[in-house]
Number of protein chains: 2
Amino acid sequence: MSNTCEFPRPALTVDCVVFGYDGGAGLQVLLIRRGIAPFKGAWALPGGFVLMDEGLEDAARRELGEETGLKDVFLEQLFTFGAVDRDPRGRVVSVAYFALVRPDRNPARGDTDADEARWFEVDGMPEVAFDHGEILGAALERLRGKVRYQPVGFELLPKRFTLGKLQGLYEAILGREVDKRNFRRKVLAFDFLVALEEFEMGAHRPGRLYRFDRRRYEALVKRGFLFEL
Amino acid sequence: MSNTCEFPRPALTVDCVVFGYDGGAGLQVLLIRRGIAPFKGAWALPGGFVLMDEGLEDAARRELGEETGLKDVFLEQLFTFGAVDRDPRGRVVSVAYFALVRPDRNPARGDTDADEARWFEVDGMPEVAFDHGEILGAALERLRGKVRYQPVGFELLPKRFTLGKLQGLYEAILGREVDKRNFRRKVLAFDFLVALEEFEMGAHRPGRLYRFDRRRYEALVKRGFLFEL
DNA sequence: GCAAAAGTGTTTATGTTACACCCATGT
DNA sequence: ACATGGGTGTAACATAAACACTTTTGC
């Protein structure tokens, strides 16, 4: 009935792999620079200790807000890492989450030299503290698998986006090119993208904007529909 | 540098959802009857506390051995459950695993009234302790998803099995019938089943026995092959 | 001889892939 | 005018789905 230590317990932390996409070629991950030992000065995943009166996902959201200013992001539990020697301070078990954030409303974006939080392209990551490299690898693998049968890509784009941007994102995540016509036909056939009467102006021909209709998507799922790009 | 309690920590446990298949209509799960409070006398998942010097999967294997006698089973991490009030004794976070065991070399099978460990059909489960119902649901969902794109079914069958048994297992897991000819053609086309010169005798026409060739499967995976039933 | 599971091919429908050109805009 | 991304259709191919009868054994 108590939470005192009848016998020693591992410490429990959460760590977050935060993915972002700015429309460029590569997928990005948000790292923070550690201010304290161990691994002081090294890049690491945002995260920290789980409090006694908060759920695991709550802890992940809290730490994410405290360390990066991000809130209201897509968050999903990834895996729990518990190798006995993964932390030099002693036994620390970490529940890893991965987060997807839209490029708008993103505090860290821009102050890329804040010496606090910074985005790195996934192929171009620095050495990271603890076993965070392993966690990163697992997160990337999971995202690559998930994106093909669940509509998570939309969590990485602005609310309104062109099909070109959506395709670019898929290519960035999957790491290969996809055929433009086939991609457009398929994704529109699903019928959960709503064409808007607005266009993205830019240096070239304006592209029609779409938005993801989650209600429609969930209705389709209930009818036994399967996504699958 | 120490594992003493600088501040209170959640307790950490592992729980295992053990799946089995005896060739009948339904998939089964192994539960144990709790001998101590809370939920004394109730059915629950096998599991227990993680020790300071063992990894998470090691803890799951140890508990499984201690409580059910099972060893050398397929084991995969499922999800970590950490709701603040999931255990009436206080804050307890549990890393859930799911296990797949072959019907041979299975101590619990048979002594179904041992008042210790017992198999239940998945649709016919009793009330279970803590949030173990939720864990069971997650495990079943995961198994149903996984079986379609990874060859885990073989972990639930004897080393040598007929295609009829394999098909029956898939029907039990997926909860629907599959076409015999299409199933056989597809599964044989994958080329990781080895036809043996032995047959399963029974009350009817003998069926050819096959075995799963893991080496061949892994070679295929490396060549970028995708399973998918 | 009958009940029960094993075993076997073909046709049809559906989905996937490959592929090339014109359009609208900013510079 | 040119560079850049937006936008469109069709034919070949591959995969999936539907479907019925014969075989072999134990009883």
Side-chain angles (χ1 to χ4, degrees), chain A residues 21-26 103 147-149 157-158 160-172 174-211 220 223-229, chain B residues 21-25 147-149 157-158 160-172 174-211 220 223-229:
Chain A
Y21 177 65
D22 66 1
V147 82
R148 293 186 49 193
Y149 63 93
L157 291 174
R160 305 175 317 142
F161 50 85
T162 64
L163 293 184
K165 289 283 165 55
L166 183 62
Q167 181 181 343
L169 170 63
Y170 271 79
E171 290 175 337
L174 299 176
R176 59 178 159 87
E177 297 198 336
V178 308
D179 181 86
K180 180 165 52 158
R181 280 172 290 190
N182 294 337
F183 180 82
R184 296 166 90 91
R185 183 175 342 113
K186 188 155 189 177
V187 81
L188 287 177
F190 285 137
D191 199 47
F192 50 59
L193 290 189
V194 186
L196 304 174
E197 290 310 315
E198 294 161 274
F199 293 82
E200 181 178 70
M201 294 303 169
H204 313 295
R205 173 173 174 178
R208 179 177 289 274
L209 291 169
Y210 291 80
R211 69 178 176 81
L220 289 169
R223 281 191 240 150
F225 140 97
L226 194 64
F227 178 61
E228 199 130 358
L229 180 125
Chain B
Y21 177 65
D22 66 1
V147 81
R148 293 185 50 192
Y149 62 94
L157 291 174
R160 305 174 317 142
F161 50 85
T162 63
L163 293 185
K165 288 285 164 53
L166 183 62
Q167 181 180 342
L169 169 63
Y170 271 79
E171 290 175 336
L174 299 176
R176 60 180 159 86
E177 298 198 335
V178 306
D179 181 86
K180 180 165 52 157
R181 280 172 290 188
N182 293 338
F183 179 84
R184 296 166 91 92
R185 182 172 347 107
K186 188 155 190 179
V187 81
L188 287 177
F190 285 137
D191 200 47
F192 50 58
L193 290 189
V194 186
L196 304 175
E197 291 310 316
E198 296 162 273
F199 294 82
E200 181 178 71
M201 294 302 170
H204 313 295
R205 173 173 175 178
R208 179 178 291 274
L209 291 168
Y210 291 80
R211 68 178 175 82
L220 289 169
R223 280 190 240 151
F225 140 96
L226 194 65
F227 179 61
E228 197 128 359
L229 180 125

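Note on naming: letters A, B, ... go to the chains in the order of the sequence lines (proteins, then strands), and numbering restarts at 1 for each one. Only a predicted model underlies this, so the values are computations on that prediction, with no experimental measurement involved.
Gln167(B) places no side-chain N or O within 3.5 Å of a backbone atom of Phe183(B) that could act as its donor or acceptor partner.
The side-chain heavy atoms of Val187(B) and Tyr170(B), taken from C-beta on, include no pair separated by under 4.5 Å. Side-chain atoms of Pro206(B) and Glu200(B), non-hydrogen and from C-beta on, never get closer than 4.5 Å to each other.
Remark: C1' of dT8(C) and CZ of Phe183(B) are 16 Å apart, rounded to the nearest angstrom. Look at CG on Leu209(B): it is 14 Å from C1' on dA5(C), rounded to the nearest Å. As a whole-Å value, the separation of Glu198(B) CD from dA6(C) P is 17 Å.
A salt bridge (Lys or Arg N to Asp or Glu O under 4.0 Å) check over residues 180-189 of chain B, counting only residues at least two apart or in different chains, returns nothing.
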For a quick test of your reading: what N or O donor-acceptor pairs under 3.5 Å do the side chains of residues 188-198 of chain B make, sequence neighbours left out?
{"from": "Glu198(B)", "atom 1": "OE1", "to": "Arg160(B)", "atom 2": "NH1", "distance (Å)": "2.9"}
{"from": "Glu198(B)", "atom 1": "OE2", "to": "Arg160(B)", "atom 2": "NH1", "distance (Å)": "2.3"}

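When the ring pair (Phe, Tyr, Trp, His ring centres under 6.0 Å) test is applied to Phe161(A), the partners found at least two apart in sequence or on another chain are Phe154(A).
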I need a per-nucleotide contact map over nucleotides 17-27 of chain C, read 5' to 3'. Cutoff is protein heavy atoms under 4.0 Å; write B for the base, S for backbone only, - otherwise.
BBBB--BBBS-
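Pairing each heavy atom of Tyr21(A) with each of Ala172(A), the nearest pair is CE1-CB, 3.8 Å. Taking each heavy atom of Tyr210(A) and Leu163(A) in turn, the nearest pair found is CE1-CG, 3.5 Å.
Contact check of residues 161-171 of chain A against DNA chain C (heavy atom, cut-off under 4.0 Å) returns no residues at all.
Other residues, nucleotides and ligands place more than 12 heavy atoms under 6.0 Å from the CZ atom of Arg208(A).
Counting any heavy atom pair closer than 4.0 Å across all strands shown, Arg184(A) reaches a base atom.
One end of the helix from dG1(C)-dC27(D) to dT27(C)-dA1(D) points its axis 10° away from the other end's axis, with each axis taken from 5 pairs and the angle rounded to 10°.
Note that CG of Leu169(A) and CG of Leu157(A) are 5.0 Å apart. Values are rounded to the nearest 0.5 Å.
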